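Report on the structure given below.
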Protein chains: 2
Amino acid sequence: MDKCRQNIVVLEPSKIIYEGIYASISKSEYNYSFYHVDSLIELETILIKKDITIVLINPSLIQNKIKEFIKIQKQYSKIRWIGIIYSLFDNSTTKLFDNLFMLTDDVTRIAKIITKACSKISTLDKNDEQLSEREIIVLKHLAKGLSNKIIADKLNLSVHTINTHRKNIMDKTGIRSLAGLTIYAVSIGIISLD
Amino acid sequence: MDKCRQNIVVLEPSKIIYEGIYASISKSEYNYSFYHVDSLIELETILIKKDITIVLINPSLIQNKIKEFIKIQKQYSKIRWIGIIYSLFDNSTTKLFDNLFMLTDDVTRIAKIITKACSKISTLDKNDEQLSEREIIVLKHLAKGLSNKIIADKLNLSVHTINTHRKNIMDKTGIRSLAGLTIYAVSIGIISLD
DNA sequence: CAAATCATCACTAGTTTTAGTGATAAATAC
DNA sequence: GTATTTATCACTAAAACTAGTGATGATTTG
């Protein structure tokens, strides 16, 4: 039964989950090619190289890059964007996707969603409080427990600059404690548990 | 290098994740057999039938059945219990496990955890420098971002006491930054989203 | 029972962070 | 082509944390 080849990219930090999706979906009778990436940049690279039709996305990976993501969406308007939901808590960016599935969904349902992969155009919702690139870097170091001074040394900046970034991060996120920022950093996937 | 066959049960609602773990781990040179179950009852059934050595568990599936779970653990004392963590906000029954991995962890790390669990009796240094009850409470508050002073107020203690606990926690864990302690707190499951 | 650990409190001195305000050049956006 | 955002640097005062040392009573453990 079969159509032209479908190229599917999975943007997802967990190799386990990628492998699981691959194993589950590629069993179907359709003709899919799978690619695994774990950053927006990698995604862009592959979008240029390959003729991708479907992108499965873990929303946490675009949490701070909504603008870039929307840009990419506009640029590749034919692509269907499908969100991979870990659990019920992450409600935030779901509006950006054409469709969603949960990891706990039945495999046949997920397969159906992917094969369908049709429907509406996504609506944009701007999050004007996203962290800048520099702020992300500083946050990463903060969450590793480095002091302002050490971060300054590492980045060849003055402590004042780090201080400013730190303040801006706190203002943007509304999180006023280092502990909270650390958890935030881990939760959006910019540092790992180790 | 190859030992006897290891029978691994994965207690996990998501087929995707089971498939992912299976695909990732069964590539290693060890000799594994995998079984997928998605309820405690099914787990018990298979424990009776097969000689299981390792159980990978999604903690959410035992959340309301801790007692039953502990009973099973006692009954099958040779088994290594490994938690599968979706995100940091998962509910914290994590202390029940011999080891944990996050879905976003590197596959080689996960494989290592599992192979370790096969070979060693106890991979965890649980008893080395265990925190006291009081220290756990203080750590919990610290990881929520509360200052010494506020914690002191909450617990009706002096700031000095909190300070002492804090120092002792740092000495015991060897972690000297608040960010590190926060991650530690999350990783051992003593704080959650609230 | 004796030894070890725990929970509590105290003081000091030095370091770091927080919370303001303010500024400038460069890049981006509308 | 102006307005906004970003990245950078600066200063200050107050608050908080770090790293020592030391002590006492209670509880647990062998």
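The structure presented is a predicted model; accordingly, all values stated were derived computationally and were not measured. To find a chain, count down the sequence lines: A is the first, B the second, and so on, and within it residues start at 1.
One can place CG of Leu155(B) at 12 Å from C1' of dT8(C), the figure rounded to the nearest angstrom. Remark: P of dA7(D) and CZ of Arg166(A) are 17 Å apart, rounded to the nearest angstrom. Between the P atom of dA7(D) and the CD1 atom of Ile136(A) lies a distance of 10 Å, rounded to the nearest Å. Per the geometry, CG belonging to Asp153(A) stands 16 Å off C1' belonging to dT8(D), to the nearest Å. Between the P atom of dA19(D) and the CG atom of Leu178(B) lies a distance of 13 Å, rounded to the nearest Å. Following rounding to the nearest Å, Ile169(A) (CD1) and dT18(C) (P) show an atom-to-atom distance of 11 Å. Leu181(A) places its CG atom 12 Å from the C1' atom of dT17(C), with the value rounded to the nearest Å.
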Nucleotide N/O of nucleotides 3-6 of chain C paired with protein N/O under 3.5 Å:
none

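A donor-acceptor contact closer than 3.5 angstrom links the side chains of Arg166(A) and Asn148(A).
Both Phe97(B) and Ile70(B) are part of a single hydrophobic cluster, where members link through side-chain heavy atoms under 4.5 Å apart. Residues Val107(A) and Ile21(A) are members of separate hydrophobic clusters, defined by side-chain heavy-atom contacts under 4.5 angstrom among Ile, Leu, Val, Met, Phe, Trp and Tyr. Follow the hydrophobic side-chain contacts under 4.5 Å out from Val55(A) and you reach Ile72(A) in the same cluster. Tracing side-chain contacts under 4.5 Å through hydrophobic residues (I, L, V, M, F, W, Y), one reaches Met170(B) starting from Ile175(B); they form part of the same cluster. Taking hydrophobic clusters as Ile, Leu, Val, Met, Phe, Trp and Tyr residues chained together by side-chain heavy-atom distances below 4.5 Å, Ile84(A) shares a cluster with Tyr32(A).
What you find for Ala185(B) and Ala143(B) is that their closest heavy atoms are CB-CB, 3.6 Å.
Contacts of residues 137-151 of chain A with DNA chain D (heavy atom under 4.0 Å): none. Within residues 156-163 of chain A, the residues having any heavy atom under 4.0 Å from DNA chain D are, by residue number, Leu157(A), Ser158(A), His160(A), Thr161(A).
Side-chain atoms of Lys167(A) and base atoms of dT17(C) include no donor and acceptor less than 3.5 Å apart.
Checking side-chain atoms of Thr173(B) against main-chain N and O of Ile169(B) turns up a donor-acceptor pair under 3.5 Å. No donor-acceptor pair closer than 3.5 Å links the side chain of Thr161(A) to the backbone N or O of Leu157(A). A donor-acceptor pair is defined here as one N or O able to donate and one able to accept, closer than 3.5 Å; such a pair exists between the side chain of Thr115(B) and the backbone of Lys112(B).
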Distance-only donor-acceptor pairs under 3.5 Å for side chains of residues 7-19 of chain B, two or more places apart:
| from | atom 1 | to | atom 2 | distance (Å) |
| --- | --- | --- | --- | --- |
| Asn7(B) | ND2 | Asp51(B) | O | 3.1 |
| Glu12(B) | OE1 | Asn58(B) | ND2 | 3.1 |
| Glu12(B) | OE2 | Ser14(B) | N | 2.9 |
| Glu12(B) | OE2 | Tyr86(B) | OH | 2.6 |
| Ser14(B) | OG | Leu103(A) | O | 2.5 |
| Ser14(B) | OG | Ile16(B) | N | 3.3 |
| Ser14(B) | OG | Ile17(B) | N | 3.1 |
| Lys15(B) | NZ | Glu19(B) | OE2 | 3.4 |
| Glu19(B) | OE2 | Lys27(A) | NZ | 3.0 |

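Listed by first then second residue, pairs satisfying salt bridge (Lys or Arg N to Asp or Glu O under 4.0 Å) with a partner in residues 130-147 of chain A read Glu135(A)-Lys172(A), not counting sequence neighbours.
The OG atom of Ser158(A) sits 9.0 Å away from atom CG of Asn163(A), with the distance rounded to the nearest 0.5 Å.
Side-chain N/O atoms of Arg176(B) include none lying less than 4.0 angstrom from OP1 or OP2 on dC17(D).
Rounded to 10 degrees, the angle separating the terminal axes of the helix from dC1(C)-dG30(D) to dC30(C)-dG1(D) is 70°, with each axis obtained from five end pairs.
By the 4.0 Å N-to-carboxylate-O rule, Arg176(B) lies close enough to Asp171(B) to be salt-bridged with it.
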